[in-house]
Amino acid sequence: MSTAPNRRAVAVILLVPLVVTLALWTFAWPAARIAPRDLPVGVAGPASAAQQLEQRFEQRDGAFDVHRFDDEAAARTAIENRTVYGAVVVTPQGPHLLTASAASPVVSQLLREAVTASAPEDTPVRVTDVVAAPPGDPRGSVLGASMLPLALAGMAGGAVVTMIGLRGARAALTLVASAALVGVAVTAVTHSWLGAITGDWWTEAGALALTVLAIGSAVAGLAALFGPRGIGLGALLMVLLGNSFSGVSSAPHLLPEPVGAIGQWLPPGAGGSLLRSVAFFDGSAAGGAVLTLSLWTLFGLAAVLFARRAPTPAEPVEPAREPALTG
């Protein structure tokens, strides 16, 4: 009696708990360790008072990266440029907290609690939301929930192109066209219907399309290099790690190190940062995300266009030619 089926059954029994454990680790561990880590914040006001406030922030070792500004106008500009998540302005009436819930509602609430707790007793804290989240998505729930469908769309595009046997320029054009349509469709839902993003419509569609294209190209490129195993590697990088490490539902600076940095090097995290920039901040601080997505796209498309791989089961195998008869 062959032992091969028994070995396969044992492999499945062991593999399923391993995959579940890995998925639970990637999603639950970062969420359970949310806390500020070198979170960029600003302090503005008279030198002596601002210095005292800066020292209070620095007492929480490694939690905040404090930037000093001359006045409230400079602090507002830094928030609008995505240099800092918020700033505290020292005034004679008490601290004035400037936040940007569009950058992260979680960080805005965290700063509100931290400044209120550190303010002198019976001193009111005035709060101004400089770049507010849209009324259609005040908690950022839609934006946070959008990244997994985008990752799955890119994953599906790369896998399908591979499995149906498209190669070369035809595969590349299919990936580009499908990503463009996904970008338009998702923008129609999130911008036009839900009102969850409020920037320039076509710029948002381009950002979403570039995100899906980077994911789909990477998956197809890995499959072109490594065969069907490349699809599994793409799923690990783009869906399991990329989505859970993206920081879209909170902020990269709230995730454990080095998870936050790794997430921004992967397309889901870079795509989430790019979408925030173009949707709420007129494209400020979008350069790094665009570069990351472009590099993944170029790598994937180059592999699709130039890598040689064995045909998948869905592709016909050309029969070997019989040698010509001589004599």
Under 3.5 Å donor-acceptor, Asp137 side chain and Val142 backbone: yes
Where Arg82 and Ser284 come nearest, the two heavy atoms and their spacing: CD-O, 3.7 Å
Closest heavy-atom pair and its distance - Leu110, Pro36: CD1-CD, 3.7 Å
Mutual orientation of the aromatic rings belonging to Phe299 and Trp296 [parallel < 30°, tilted 30-60°, perpendicular > 60°]: perpendicular
Backbone N/O of His253 and side chain of Arg37: donor-acceptor pair under 3.5 Å: no
Arg76 bridged to Glu72 by N-O distance under 4.0 Å: yes
Side-chain donor or acceptor of Ser273 paired with backbone N/O of Gly269 under 3.5 Å: yes
Minimum side-chain heavy-atom gap Leu255-Ile34 below 4.5 Å: yes
Main-chain N/O of Leu175 paired to Ser178 side chain as donor or acceptor, under 3.5 Å: yes
Thr77 side-chain N/O to Ala73 backbone N/O, donor-acceptor pair under 3.5 Å: yes
Partner of Ser146 by side-chain contact (heavy atoms from CB on, under 4.5 Å), out of Leu194, Thr190, Leu275: Thr190
Heavy-atom donor-acceptor pair, Arg276 side chain to Ala102 backbone, under 3.5 Å: yes
Atom of Leu225, atom of Ala303 and distance for their closest heavy-atom approach: CG-CB, 4.1 Å
Polar side chain donor-acceptor pair, Trp29 to Ser244, under 3.5 angstrom: no
